[in-house]
Amino acid sequence: MKIAALLLTLILAVFAATTVTEQQLRDAQSDPGSWLTYGKNYSGWRYSGLAEINTATVSRLAPRWIYQTGQAGSPETTPLVFGARMFVTESSNHADVLDLLTGKQIWHYHKASPQGLSMCCGEQNRGFAALGGKLFKLNIEATLVALDARSGAVLWEKQIEDYKRGFTATGAPLVVKNKVVVGIAGAEFGTRGFIDAYDANTGDRIWRFYTVAAKGEPGGNTWDGDAWQRGGGSSWITGTYDPDLNLIYWGTGNPGPGLDGDVRAGDNLYTCSLVAIDADTGKLKWYFQFTPHDTHDWDAVADPVLIDMMVNGRKVKTVVQADRNGFFYALDRTNGKLLRAAPYTEMTWTTGLDADGRPKLVPGLDPSEDGTKVCPGLGGGHNWSATAYSPQTQLVYFGSTNGCGLFYRNRQEFHQGQWYQASTEATVPNEPSTGAVVAIDPATAETRWRFEMVTPTSSGMLTTAGGLVFTGDGQGYLVALDARTGKPLWHFQTGGSIKAPPITYTLNGKQQIAIAAGSSMMTFALVN
Amino acid sequence: MSGACFAQQTQNPLAGDPQAAAGGGAAFRPYCTPCHGVRGQGGRGPDLTRGVYSVGDKDSDLFRTIANGVPGTEMAGFASDIRDEDIWRIVAFIRSLARHDVPNIPGDRAAGEKLFWSKGGCGSCHVVNGKGGRLGPQLTRIGRERSFAYLRESVLAPNNDVAAEYATITVVKHDGAKITGIGDLDNFSVQVTDAAGDYYSFLRSDLGSVTRELRSLMPDSYGRLLASGEIDDLLAYLVSLRGAETPR
């Protein structure tokens, strides 16, 4: 009987090691040893309670192992960590599962991507999601695949949309209850964006929310004629989830064609917006449009971070976002009403917001045939890179670009599956953009500190109870900053450009830091 | 028509389309004008109005160059940004620019070469055919890479367009010693090569200050230093620097 009990215990231990439950996802913040979902917790904090690596000890941080992925380009992935393994997605439909102790490969996944993909920005991927014994991954040709976490075997695969029409998929899925929620890319090709939920067991689609309102639907009158059919509104960065409100928060991208607004008169709902969606039905609860009728490609896909905080003397459930248009916003996440907003970078396109948050435009700054200089540039003040929030400092951290662009426009006919942005942006001669890590008090939207960088950064943020902010830069440095002041305390040259956010977890009780850099995955821990 | 088929044409499939050049002009503006100028007159990139192209004269040569770039040069590939049909439109636009005449370059090439290596002092910072200093851009094939107007501006007003790698970096050490040159600056270190060709590398935390300015180390006094005729001679020499047929 004792042997049977022991065997059962061992079986459960092995089972637990390769399984993530819905409850674990809800309680992810109280499990600092693992990293179970894209944003660390459902609120998208990217905050860890681990404090072994802290402002006093970080100087002893050193590499533990390096895994060479063999894939070109710098990954944008957020790895998952559980069951003594690290689950890493890479570009071009590759993924690896690594032994947490040694960095050795346990299994590798690859699916050849088809010829003729229409992509704006490369065959990127930003991570797995997990539930039960399954991993969920988007592939570039707009498929969603479920893998056995132990072996990598394909359990099911679904085509979300037709890549020949310009759809691609690059984000990390978000598991909510028994659903796998995913976004889509392709606004540069005249597609109509959406957010989908799939049954985690079968891969059957449960609901779809179109991010572009059709003619006759609420919001459909914000599009001219049939322009909504090519309206864009990609949803390429993972959203967040409030279990109590049962709402999913997800940012939407630019309208199409991006730089020629004349062919799509109106506000173009729900592009460049934050949408709150019922997790069970996919129905819209509320929306907030940051940039109505955008003509500068300012996707509003940045992480919607959920924070309960005091605003004007009362506790409010908020959602905050450092939007690409240059404003940092705090909204009431129960109803989408604006609470606070303030610029965090140089802006020339607006004189401010009205009481409802609608921007007051400076006239004459639409893209033109001869180029129109606008700040921020096409990449915006803060693009997609991961945001972090520390309940310890009560600050929000993100990477920012300081700079402007020359926006061009031309008339372009729509051809299905082909580039449909109606021109692009050029750099302003003799005005190179620079970067910064920005720390903002979300209750006031005021900037507390900035760590200036020589070039813009695409790496995201991690913050910890050790009073630190970790991030990377384009020149290959992994950096630790003092979370209260922005003072750099430690850096390490990884040898490869960093476009991914760092994560942290424990191995045998010791805190580790992991980061994708260049064509490698690296981990770090304290040395004596 | 699929993109792959479209790209394999040797002649421009839109050559007979009167709208093609106009459409190509619109596509040319954002992608090409930063280096080749609004009218293709050249600048940081070659003059496209001469009707002769170093990458080859066939339509497919121009298509390939726009799509894939030219390795070893500043010409990037745009295949992922511009669809094939629009690349062909740009080819049509470039063809429409061609004047097929040789610009009249005043000045004496031989006198310019002598100036380059003597009174002008250009060779102390610029390499031509393996000879010269390394602080400024290599000029071995600069006549192929830059337009005449751009070269003239570069000689007389070198600060008007400074590539990032030729920005002026100044480091000041804690003892007040100052080093100025070109180099590389990142968030934690700086590497500088000064006018003497000496190389330095520092951690920024070990320095008093570091600044980078989009200002050229090249003197902006050539308009005063050289007579008008001498400027013409120097430019005649620079325009003649055609280098190898294919870049290294």
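In what follows, chains carry the letters A, B, and so on, assigned in the order in which the sequence lines appear, proteins first and then strands, with residues in each chain numbered from 1.
A centroid separation of less than 6.0 Å is found between the aromatic rings of A/Tyr420 and A/Phe414. Taking the six-membered ring for Trp and the full ring otherwise, the centers of B/Trp88 and B/Phe93 sit at least 6.0 Å from each other.
For chain B, the nearby parts of A/Glu369 are the backbone and the side chain; heavy atoms of each come within less than 4.5 Å. Contact annotation for A/Glu431: only backbone heavy atoms (N, CA, C, O) come within less than 4.5 Å of a heavy atom of chain B. With a threshold of 4.5 angstrom between heavy atoms, A/Asn430 approaches chain B through its backbone and through its side chain. The part of A/Pro488 that comes within reach of chain B is its side chain, from C-beta onward, which places non-hydrogen atoms under 4.5 angstrom from that chain. At a 4.5 Å heavy-atom cutoff, the contact between A/Glu452 and chain B is made by backbone atoms alone. Proximity to chain A (any heavy atom under 4.5 Å) is shown, for B/Ser189, by both the backbone and the side chain. With a 4.5 angstrom heavy-atom cutoff, B/Asn160 touches chain A only via backbone atoms. For chain A, no part of B/Arg89 is nearby; none of its heavy atoms comes within less than 4.5 Å.
Of all the listed residues (A/Phe451, A/Phe407, A/Tyr408, A/Trp419), the one sharing the greatest number of non-hydrogen pairs under 4.5 Å with chain B is A/Tyr408.
Considering CE of A/Met461 and CG of A/Leu481, their distance stands at 8.0 Å, rounded to 0.5 Å.
Contact detail for B/Leu135 and B/Ala195: the closest heavy-atom pair is CD2-CA, 3.6 Å.
Within the 4.5 Å cutoff, no side-chain heavy atoms of B/His174 are placed close to those of B/Leu207.
In this structure, A/Asp262 pairs ionically with A/Arg409, as a charged nitrogen and a carboxylate oxygen lie closer than 4.0 Å.
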After noting the C-alpha distance and the side-chain angles of A/Tyr477 and B/Phe188, does the key distance pass the ring-ring contact (aromatic ring centres under 6.0 Å, His included) rule? CA-CA 8 Å; A/Tyr477 286 105; B/Phe188 297 99; 4.9 Å; yes
